[in-house]
Amino acid sequence: MRQGIADIIREALISAHGDGLIKTAEPPAYSVETSKKEEFGDYSTNAAMLLAPLEKKGPRQIAGVIKERIAAFPQVEKCEVAGPGFINIFLKKSYWLSVLEDIVRQGAGFGRSQTGAGRRVQVEFVSANPTGPLHIGHGRGAAVGDALANILKAAGYDVEKEYYINDVGRQMNTLGRSVFLRHQELLGKTITFPEDSYKGEYIKEVAADFIAKNGEKYRDAPEDLAVPVFSRFAGEALLERIRTDLKDFGVEFDRWCSEKALVEKGLVEATIDEIKKRGYIYEAEGALWFRTTGFGDDKDRVLTKADGSRTYFASDIAYHRDKVERGFSTIVDVWGADHHGYEGRVRALVKALGYDDSVLKVIFIQLVALLRNGVPVPMGKREGEFVTLRQVMDEVGVDACRFFFLMRRSDAHLDFDLELAKSQAPENPVYYVQYCHARIKSIIGFAKEKGAVIPEDFDSKLLSRLDQKEEVEIIKHLGSFGEVVERSAAAMEPHRVTFYLMELAGLFHPYYNKNRVVTEDPELTAARLLLCGAVATVAANGLRLLGVSAPDKM
RNA sequence: GCCCCCGUAGCUCAGAUGGAUAGAGCAACGGAUUCCUAAUCCGUGUGCCGGACGUUCGAAUCGUCUCGGGGGCGCCA
């Protein structure tokens, strides 16, 4: 829709140049935006203001010339010059009404576009260590990553979702030892639990599982022999829980990438070798360093510690090299905000390998503050009593949970009130949007009962009955859905779709309250049913992108 | 000390590539249901866009500085 306007303006500029009215042959990068106010028309452009310095004429004078050309297009009702030199374009109502036809014809496909042109994008998210259950912060990352993937797909990108499993290293040892000790305790031994072990209740559950499957044969095993066994067992068990939680949360990955597998395939060695070949490796203080400062990082980074073991970053460079070389046009990392210091070094890696680091996009997920009736719910991972995603989704439901996670920009703090998310009060935005869909379905059901004709074609006579201000306003909003999806994809900001839906519901509910859809007038009824059906379709399409259901009944 | 993010109405937040008189929701108060779902709607008002300077025809948006909040900071992940 907006693109069409941009083309009209472009043609107008070129023809004005052809007739010698303006000197500039190549139009400047003018904006086309939906007008903020009704009196400014449907769309506005700043083209004349940008041309003014080039033409050495007043912007309003130039605007006057272009205006005439734009007004000549058949879709255009009228065209005005306003303010400092804006050109405001008013479209004919018939142009807007055609949006309804598009929606009914395209159905679930309405809002999709080809702007991504099939470019391959990889989104890596959650990637929680398999050392415990997913907590609420992972849930936010899951909702954002999954919705982003949906939105990118809708905008025509070829998307792959991936989960990176940190299944080697010290934390896995700690996990193994923690489970081993708990299992000894369950078998009646007195143990002392070291400070740095995992203390959550789930450790005991995994230990009990272990005993159920393996009996008591490790009861008196020496720790250094037992830990690897328990580590592998616990890692697999916890990863399985994570998969289940995510599946129940509505998130499925295309690929699970194991750090251990990367190490075993020798990719870490190979990556270090390559960087070495490029001359960015040096040894100091007994450690092996990567000179990332040459690529904008603030410090050089250790890859191999003095004790010979590798850092986490060593695996990560192998992982990111692998991702970049898999040929994605963009790789997206969705990280917790506490990792933001990490971006510089990964960016440095990408550049050191000779790639443009614009292939990398990092999205940071800020912390979630869990509230209950406005009072903070205590969270302390250290005490082993952090709130899990499972607890929250079981309490408030997946729909409310996902919607709340997507209600804010991901890099902004989020207050998540459990009671609000559960409430059926009007101030709960999840239901506000879902109810919009359910309500329309109910209206259509009622109309069928009454024997009303559900319209199938779009003759102008029918559409001309949609002549109220509110109706046109709704239609315009429906028409902008595709642009919202495109911009949401381009900016990688899923919350824009959430806001769009709240606005849509905010237009529909008042309309419903003011106007009766099913009336004695069959033509008017048909026209309004058509509009309502379109609203329901777009609401459902938007909710689907967020991974939130669109119920027919509530 | 250095780096990153944030600062917009009482609260929680939107704000497009820099555009016109900066917007929602909530909270507060008052109202609406013989009629398609009241999980809804109608009405009542609030801003030094943290501050200063700069770039620009034009700045909440870009730059520098500054104040306040959060986070990160060589061999943790």
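First the proteins, then the strands, lettered A, B, ... as listed; each starts at 1.
Note on A:Tyr512: a base of the nucleic acid sits closer than 4.0 angstrom, heavy atoms only.
From A:Ile136, atom CD1 reaches atom CZ of A:Phe404 across 11.0 Å, with rounding to the nearest 0.5 Å.
Comparing the C1' positions of B:U44 and B:A27 gives a spacing of 14 Å, expressed to the nearest Å. On the C1' atoms, B:G47 is 12 Å away from B:A60, given to the nearest whole Å. Spacing between B:G63 and B:U17 at atom P, rounded to whole Å, works out to 15 Å. One P atom belongs to B:C42, the other to B:C3, and the distance between them is 50 Å to the nearest Å. Rounded to a whole angstrom, the distance from the P atom of B:A32 to that of B:G69 is 48 Å.
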- B/S/- contact track for nucleotides 18-23 of chain B, protein heavy atom under 4.0 Å: -BBB-S
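Using a 4.0 Å cut-off, no side-chain N or O of A:Arg487 falls inside it from OP1 or OP2 of B:U17. Residue A:Lys305 has a polar side-chain atom (N or O) positioned under 4.0 Å from OP1 or OP2 of B:A77. For the OP1/OP2 pair of B:C75 and a distance below 4.0 Å, the side-chain nitrogens and oxygens of A:Arg310 include no atom meeting the criterion.
Following rounding to the nearest Å, A:Asn173 (CG) and B:C76 (P) show an atom-to-atom distance of 14 Å.
In this structure, A:Leu175 and A:Ser231 have side chains that are not in contact, with every pair of non-hydrogen atoms separated by 4.5 Å or more. A heavy-atom distance below 4.5 Å is not found between the side chains of A:Glu483 and A:Ser113.
Looking only at distances, a side-chain donor or acceptor of A:Asn428 sits under 3.5 Å from a matching main-chain atom of A:Ser423. Between the side chain of A:Asp167 and the backbone N or O of A:Ser258 there is no donor-acceptor pair closer than 3.5 Å.
At a cut-off of 3.5 Å, with distance as the only test, no side-chain donor of A:Asp333 or A:Tyr342 sits close to an acceptor on the other residue.
Partner assigned to B:A24 is B:U12, using Watson-Crick or G-U wobble distances below 3.5 angstrom.
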